[in-house]
Amino acid sequence: MEKLLNKFTGNISPVALLVSSFYWSWFDVVPFSPALFYAAGVPVDTLPLTLSLAVSVVVLGVLAVQPQLRVAVTRADVFAVSSLVCGAGGSLLVYSGALTASLPLLIAGSLLIGVYQGMGILAVGCLITCQGTTNALVHIATALPFNILAILLVMFLQPLPSAVFAFLLPLCSSCCYAVFSVRKRNRALVDALVIEGRKREKAAISNRGRRFARYNPYFLAILLVVCSSFGFVNYRTVFVGGAGEGAFDYLSLAIRAVVSLAVLVGYIRYSQRPYSILRIALLLMVLGLFATPSLAMLDSSDSLLPEGLFLAGYACFDLVIWAIIIILSGKANMSILKTICVVDTVDQLGIFLGTLLGAWYGEGNTALVACIVFGGLLLVLMLGLPKRKIP
């Protein structure tokens, strides 16, 4: 045990874990949950989620092709400004827009939230991936269970305190990032990614036309289908199945936190490899998607089991993707920072498309057909995975 505890330094030190804990709690509580609308005492609006996802796709896409911007986003001062203006400010505008029924405020807040999603994913992702695959898995699996506390605070605080808590999460994350960056040894971990990225960028000049083609298209296809199906299921869980039912609206967040804790324990105890977690994740998602129409044919209205299975699988996938980013970066001989942007552009795009599909066809028989289609696609992709390695 002492040997294990001695390893909790660098990007798995307490202050580094708090950076991710606060950021991902904000990420889940503000754009992906109805918390601010509940705090305002008004019906949930899907505009902040859909618009912020669209903006984050654009932001990550721009960062993917702009190396100077990628480097700037990893700086503690830039992250602090974006956390204050876009994270806390955008959340405040959405809350104010919900409170006053103001569409311009909702749109402005959603735009800022989308910018913070994109910039924050890169800054926090840089911290997650700066010390290899094992540390990446331990970091994210240790940080996410904090979401349980965040969800409980949002659910059981009075409306105004819960909103204030949501506004403070980005500021807490940026403060911890600043504390982490003060130590030269810690900052050197982030700078090493920047230096490595510049070297790989120079080496790729002769292959400029093939830079994105180097990324494994099979994995990107899996990523797009997984995230599209998550966007669809998440919409049904929050805005269709659970709307107005309090605790059920936070099902996806609670499952993600609990599964993160289970993966952490399993990884430390059994030394699981990323590809084994990936296969388990895909299998759970397939079972969850196929279970939905199966239960409907049996005239069962219980959606907790299939959605729980799917969301547990997605939580595993969401954890292992950071280790895969490191592996994918090495195989493509591209910067990890660039790889984060490329992978998360596809990730956010998939969730955006799935959310739109949920908004259009989230109820009735069409939704059941969509579950079968997504489940079939994931099953085919899962069966096509190489047996001994991640693509």
Side-chain angles (χ1 to χ4, degrees), residues 22 24-56 83-117 147-171 230-256 303-304 307 311 348 351-352 354-364 367:
F22 287 125
W24 295 119
S25 293
W26 171 87
F27 196 92
D28 287 340
V29 164
V30 174
F32 277 90
S33 87
L36 293 182
F37 289 91
Y38 282 180
V42 298
V44 181
D45 194 331
T46 61
L47 176 65
L49 174 59
T50 52
L51 184 54
S52 66
L53 283 170
V55 172
S56 69
S83 297
L84 174 63
V85 176
C86 301
S91 303
L92 179 60
L93 286 176
V94 167
Y95 175 71
S96 301
L99 204 59
T100 60
S102 171
L103 183 60
L105 287 180
L106 279 178
I107 292 175
S110 302
L111 292 173
L112 289 176
I113 286 174
V115 172
Y116 187 57
Q117 281 181 245
N147 290 20
I148 297 175
L149 177 59
I151 295 163
L152 291 175
L153 287 173
V154 167
M155 287 177 62
F156 296 111
L157 283 174
Q158 292 298 312
L160 183 58
S162 69
V164 171
F165 174 73
F167 307 151
L168 290 177
L169 286 171
L171 303 181
F230 168 72
F232 181 77
V233 172
N234 182 70
Y235 182 89
R236 281 172 48 83
T237 301
V238 176
F239 300 105
V240 178
E245 296 183 20
F248 193 74
D249 292 339
Y250 298 93
L251 173 65
S252 61
L253 310 187
I255 289 176
R256 172 173 166 166
S303 63
L304 183 60
E307 288 177 357
L311 294 171
Q348 297 291 95
I351 298 175
F352 172 71
T355 301
L356 288 184
L357 185 64
W360 293 333
Y361 306 110
E363 299 183 71

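Heavy atoms only: backbone and side chains are in, while hydrogens, waters and symmetry mates are out.
Under the side chain to side chain contact (heavy atoms under 4.5 Å, CB included) criterion, Leu171 pairs with Leu84, Ala88, Leu168, sequence neighbours left out. Legend: residues meeting ring-ring contact (aromatic ring centres under 6.0 Å, His included) with Phe167, ordered by chain and number and at least two apart, are Tyr95. When the side chain to side chain contact (heavy atoms under 4.5 Å, CB included) test is applied to Pro161, the partners found at least two apart in sequence or on another chain are Leu157, Gln158. Residues satisfying the side chain to side chain donor-acceptor pair (under 3.5 Å) criterion with Ser110, sequence neighbours excluded, are absent altogether. With sequence neighbours excluded, the residues satisfying side chain to side chain contact (heavy atoms under 4.5 Å, CB included) with Thr355 are Leu49, Thr50, Leu53, Tyr235, Ile351. Residues satisfying the side chain to side chain contact (heavy atoms under 4.5 Å, CB included) criterion with Leu105, sequence neighbours excluded, are Leu93, Ser96, Thr100, Ser102.
A distance of 10.0 Å separates CG of Leu112 from CG of Leu51, quoted to the nearest 0.5 Å. Atom CZ of Phe27 and atom OG of Ser56 lie 6.5 Å apart (nearest 0.5 Å). Atoms CD1 and OG, from Ile113 and Ser91 in turn, are 4.5 Å apart once rounded to the nearest 0.5 Å. A distance of 5.5 Å separates CZ in Phe230 from CZ in Phe32, rounded to the nearest 0.5 Å. Here CZ of Phe37 is found 5.0 Å from CG of Leu106. Values are rounded to the nearest 0.5 Å.
Taking every heavy atom of both residues into account, Val30 and Ala166 meet most closely at CG2-CB, 4.0 Å. Between Ser25 and Leu169 the shortest heavy-atom distance is C-CD1, 3.9 Å. The minimum heavy-atom distance linking Leu103 with Leu47 is given by the pair CD1-CD2, 3.7 Å. Nearest heavy-atom pair across Pro159 and Ala39 is CB-O, 3.2 Å. A pairwise comparison of heavy atoms in Pro170 and Trp26 identifies CG-CD1, 3.4 Å as the closest pair.
Taking 4.5 Å as the limit, every side-chain heavy atom of Pro31 sits out of range of all side-chain heavy atoms of Pro48.
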Could you walk me through whether Val55 and Val115 satisfy the side-chain contact (heavy atoms from CB on, under 4.5 Å) test, starting with their C-alpha distance in whole Å, then the side-chain angles of each, then the deciding distance to 0.1 Å, before giving a yes or no? CA-CA 6 Å; Val55 172; Val115 172; 3.9 Å; yes
